[in-house]
**Q** 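Sharing a structure with you now.
Not measured: the values here are computed from a predicted model.
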Amino acid sequence: MSVWDEVVGQPDAVATLSAAAEAAATIVAGGTPAPGVMTHAWLFTGPPGSGRSSTARAFAAALQCVVTDDRPGCGECSGCRTTLHGTHADVRVVAPEGLSISVAEMRSLVQISARRPTSGRWQVVIIEDADRLTEGAANALLKAVEEPPERTVFLLCAPSDHPDDVSVTIRSRCRLVSLGSPRPSAIASALEAVDGIAPEMAQWAASVCGGHVGRARRLAVDEEARSRREAVLRIPLALRKPADVFTCADELIKAAEEDATTANEARNEAEREALETAMGAGGTGKGTAAATRGAKGALKDLEKRQKSRATRTQRDSLDMALVDLAGFYRDALVTKTGSEAALMHPDRAGDSKTAAAQWSQESILRRLEAVLACREAIEVNVKPRIAIEAMVTTLHRG
């Protein structure tokens, strides 16, 4: 068992980070490692599902590993276990629940990162989706990265190092770790070894997940996730008459809304109850009424955050459905042209063949471009229903 077991199909990245963790252990012990092996800021880039966040967490665990007789990252010591479980006192994770990471949140984090480690070996800050930093938040982070505390490490995760994702000034102060989409065989092996999933299910999930490890895991263990995927992939051949446009659009939107509700309902209720209890709900005696009145503002703020989180979850769910649709039309094009390229949905090869027989190459391309344009429209805040209905209209007409 090792922390690197969580990193699927990234041998080069693991080698680089293992060497850095060893150098970090040398620094903690008072030694001087080779120059350039360990640095204070890292940027993990790669396509969705490549494991940016899990790689950053594994590296953070290796930095906090207290077993240094061998290579850091044993996966068994308190430093490794608490980091991987998200309970280590000196490892802070910023995972945006809404559409962006605010400047207030980043300033607070920067202040905390300036402290010395309390119980661990390093103060580690992991920023998932660093591409969602607002301009003010990016500027606040830049000041910390430019003048880092001695024992603090920043781990940023983003789709790429392009200026649209990470500012040039922050990028120039980070060491880049590029991740690729893992192969299906590596994903299947990880599902079997780490998650205990049956070989047949693991191989199927790995073959249809598009290189997205988290998606493969959900498909392997969640019947509802498999049902939603099936519903999405039935759409292309179900668009037979104009009325089907609105029916299919409604199904896509409804599925995304249900996904957001399922993902957030229990958490929202728990957060509300915890806040009400903290503000004196159900209490008696002096001051209780005043405290309850004062809770209204806090509850409004909580509801605002929960609404933003629901919006983000719904958009992420829609995007995953659109990725599946794009994969279907890509498979139809592969079949139409007689290419030997691997299909993204091999279990729907029959439907791809049917579509290829019915449509011309130009028609398939128009449909594929409509799906990609819908993804872009939703990303720039076009109302999802309008973007989806426009897309499905094009899918019907071809």
**Q** Are any side-chain N or O atoms of T39 and backbone N or O atoms of R175, one a donor and one an acceptor, separated by less than 3.5 Å?
**A**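 The answer is no, because no donor-acceptor pair under 3.5 Å joins these two groups.
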
**Q** Compare all side-chain heavy atoms of V91 with those of L63 and state whether any distance is below 4.5 angstrom.
**A**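 No, too far: nothing below the 4.5 Å cut-off.
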
**Q** Atom CZ in R173, atom CG in L141: separation rounded to 0.5 Å?
**A** 11.0 Å

**Q** Indicate yes or no for a side-chain donor-acceptor contact from Q361 to the backbone of L333 under 3.5 Å, with no hydrogens or angles considered.
**A**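 It does not hold such a pair.
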
**Q** Output, in order, the C-alpha distance, side-chain angles, deciding distance and verdict of side chain to side chain contact (heavy atoms under 4.5 Å, CB included) for V323 and R215.
**A** CA-CA 12 Å; V323 169; R215 180 89 195 284; 6.0 Å; no

**Q** Can you tell me how far the CD atom of E251 sits from the NZ atom of K254, to the nearest 0.5 Å?
**A** 8.5 Å

**Q** So, T152 side chain and A114 main chain: donor-acceptor pair closer than 3.5 Å or not?
**A**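 No: the side chain of T152 does not pair with the backbone of A114.
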
**Q** Can you tell me how far CD1 of I170 sits from CG of L43, rounded to the nearest 0.5 angstrom?
**A** 9.5 Å

**Q** Does the side chain of L252 come within less than 4.5 Å of V232's, by heavy atoms?
**A** yes

**Q** Kindly say whether T335 contributes a backbone atom to a donor-acceptor pair with the side chain of S339 at under 3.5 angstrom?
**A** no

**Q** In the hydrophobic cluster built from side-chain contacts under 4.5 Å, what are the other members alongside M320?
**A** none

**Q** Run through the side-chain heavy atoms of Ile, Leu, Val, Met, Phe, Trp and Tyr, join any pair under 4.5 Å, and report what else lands in V8's cluster.
**A**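 Under the 4.5 Å side-chain rule, V8 groups with I187, L191, I197, M201, W204, V208, V213, L219, V221.
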
**Q** Where is the tightest heavy-atom contact between A20 and M38, given as atom of each residue plus distance?
**A**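 In terms of heavy atoms, the two residues are closest at O-SD, 3.6 Å.
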
**Q** Using the side-chain contact (heavy atoms from CB on, under 4.5 Å) criterion, which residues pair with T82? Sequence neighbours excluded.
**A** T87, H88

**Q** List for me each residue that meets side-chain contact (heavy atoms from CB on, under 4.5 Å) alongside S185, sequence neighbours excluded, and say none if there are none.
**A** R183

**Q** For V382 and E376, what are the C-alpha separation, side-chain angles and deciding distance, and is it a side chain to side chain contact (heavy atoms under 4.5 Å, CB included)?
**A** CA-CA 9 Å; V382 173; E376 292 179 1; over 6 Å; no

**Q** For residues 148-163, which residue pairs pass the salt bridge (Lys or Arg N to Asp or Glu O under 4.0 Å) check, not counting sequence neighbours?
**A**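 Checked against salt bridge (Lys or Arg N to Asp or Glu O under 4.0 Å) - neighbours excluded - the pairs reaching residues 148-163 are D161-R171.
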
**Q** So V124 and D90, do their side chains get closer than 4.5 Å, heavy atoms only?
**A** no

**Q** Can you find a heavy atom in the side chain of T247 that is under 4.5 Å from one in the side chain of V245?
**A** no

**Q** Looking only at heavy atoms, which two atoms of C157 and A56 are closest? And how far apart?
**A**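 Taking C157 first and A56 second, the nearest heavy atoms are SG-CB, 3.9 Å.
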
**Q** Taking all non-hydrogen atoms of both residues, which atom of T26 and which atom of P33 are closest, and how far apart?
**A** CG2-N, 4.0 Å

**Q** Tell me whether V166 shares a hydrophobic cluster with V145, the cluster being built from Ile, Leu, Val, Met, Phe, Trp, Tyr side chains joined at under 4.5 Å.
**A** yes

**Q** Given R228 and D324, is the side chain to side chain contact (heavy atoms under 4.5 Å, CB included) satisfied, shown in steps?
**A** CA-CA 11 Å; R228 284 193 294 269; D324 281 339; over 6 Å; no

**Q** Would you say the side chain of P149 lies within less than 4.5 Å of the side chain of Q123, judging by non-hydrogen atoms?
**A** no

**Q** Could you tell me whether the side chain of D222 and the main chain of R218 form a donor-acceptor pair under 3.5 Å?
**A**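 A pair under 3.5 Å: no.
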
**Q** Does a salt bridge link K143 with E146, judged by any charged N lying under 4.0 Å from a carboxylate O?
**A**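 A salt bridge is absent here (no side-chain N lies under 4.0 Å from a carboxylate O).
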
**Q** Clusters formed by hydrophobic residues whose side-chain heavy atoms approach within less than 4.5 Å: which one holds V168, and what are its other members?
**A**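 Listed partners: none, V168 stands alone.
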
**Q** If hydrophobic residues (ILVMFWY) are linked whenever their side-chain heavy atoms come closer than 4.5 Å, directly or via other members, who joins V37 in its cluster?
**A**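 Once heavy-atom contacts under 4.5 Å are chained together, V37 still belongs with nothing else.
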
**Q** So which atom in A326 and which in L368 form the shortest heavy-atom distance, rounded to 0.1 Å?
**A**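 Result for this residue pair: O-CD1, 3.5 Å.
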
**Q** Using the rule that Ile, Leu, Val, Met, Phe, Trp and Tyr join whenever any side-chain heavy atoms are under 4.5 Å apart, tell me whether L343 and I235 fall into a single cluster.
**A**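 Not linked; separate clusters.
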
**Q** Would you mind reporting whether W122 and V28 have side-chain heavy atoms less than 4.5 Å apart?
**A** yes

**Q** Flag the pair V94 / I101 as yes when at least one side-chain heavy-atom distance between them is below 4.5 Å, and no otherwise.
**A**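 The answer is yes, as the side chains (C-beta and beyond) meet within the 4.5 Å cut-off.
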
**Q** How long is the span from the OG atom in S160 to the CG atom in D131, to the nearest 0.5 Å?
**A**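 Rounded to the nearest 0.5 Å, the OG-CG separation comes out at 8.0 Å.
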
**Q** Locate the shortest heavy-atom distance separating A206 from A188; write the atom from each residue and the value.
**A** CB-N, 3.7 Å

**Q** Honestly curious: do L322 and L237 fall in one hydrophobic cluster under the side-chain, below-4.5 Å linking rule?
**A**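 Yes; L237 is reachable from L322 via cluster members.
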
**Q** A side-chain contact here means heavy atoms from C-beta on lying under 4.5 Å apart; do F59 and V7 qualify?
**A**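 In short, these two side chains do not touch, never coming nearer than 4.5 Å.
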
**Q** In terms of hydrophobic clustering (I, L, V, M, F, W, Y; side-chain heavy atoms under 4.5 Å; direct or indirect links), are L179 and L155 co-clustered?
**A**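 Same hydrophobic cluster.
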
**Q** Find the distance between CG (D250) and CD1 (I388) and round it off to the nearest 0.5 Å.
**A** 11.0 Å

**Q** Going by the side chain to side chain donor-acceptor pair (under 3.5 Å) test, which pairs reach into residues 40-55, not counting sequence neighbours?
**A** none

**Q** Test V125 against V153 for side chain to side chain contact (heavy atoms under 4.5 Å, CB included), laying out the working first.
**A** CA-CA 6 Å; V125 177; V153 180; over 6 Å; no

**Q** Identify every side-chain donor-acceptor pair in residues 389-398 under 3.5 Å, counting partners at least two apart or on other chains, and give the distances.
**A**
from : atom 1 : to   : atom 2 : distance (Å)
T393 : OG1    : E389 : O      : 2.8
T394 : OG1    : A390 : O      : 3.3
H396 : ND1    : L239 : O      : 3.4

**Q** When you group the ILVMFWY residues by side-chain heavy-atom contacts below 4.5 Å and let the links chain together, are V14 and V67 in the same group?
**A** no

**Q** For R107, I'd like to know if atom CZ has over 12 heavy atoms of other residues, nucleotides or ligands within 6.0 Å.
**A** no

**Q** Can you tell me if K336 uses its side chain to pair, donor with acceptor, with the backbone of A356 under 3.5 Å?
**A** yes

**Q** Could you tell me which residues satisfy side-chain contact (heavy atoms from CB on, under 4.5 Å) with R57, sequence neighbours excluded, listed by chain and number?
**A** V93, I126, E128

**Q** Checking side-chain contact (heavy atoms from CB on, under 4.5 Å) against Y329, which of S352, P236, S363 comes through?
**A** P236

**Q** Check whether Q64 reaches the backbone of R121 with its side chain - one donor and one acceptor, N or O, closer than 3.5 Å.
**A** yes

**Q** Which pairs with one or both residues in residues 339-358 pass salt bridge (Lys or Arg N to Asp or Glu O under 4.0 Å), sequence neighbours excluded?
**A** R229-D347, E230-R348, R348-D351

**Q** Check C374 against A387 and note the closest heavy-atom contact, atom names and distance.
**A**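 Taking every non-hydrogen atom into account, SG-O, 3.6 Å.
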
**Q** Residues in side-chain contact (heavy atoms from CB on, under 4.5 Å) with S102, at least two apart?
**A**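 Expected list: A104, E105.
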
**Q** Rounded to the nearest 0.5 Å, what separation is found between the CG atom of L233 and the CE atom of M344?
**A** 10.5 Å

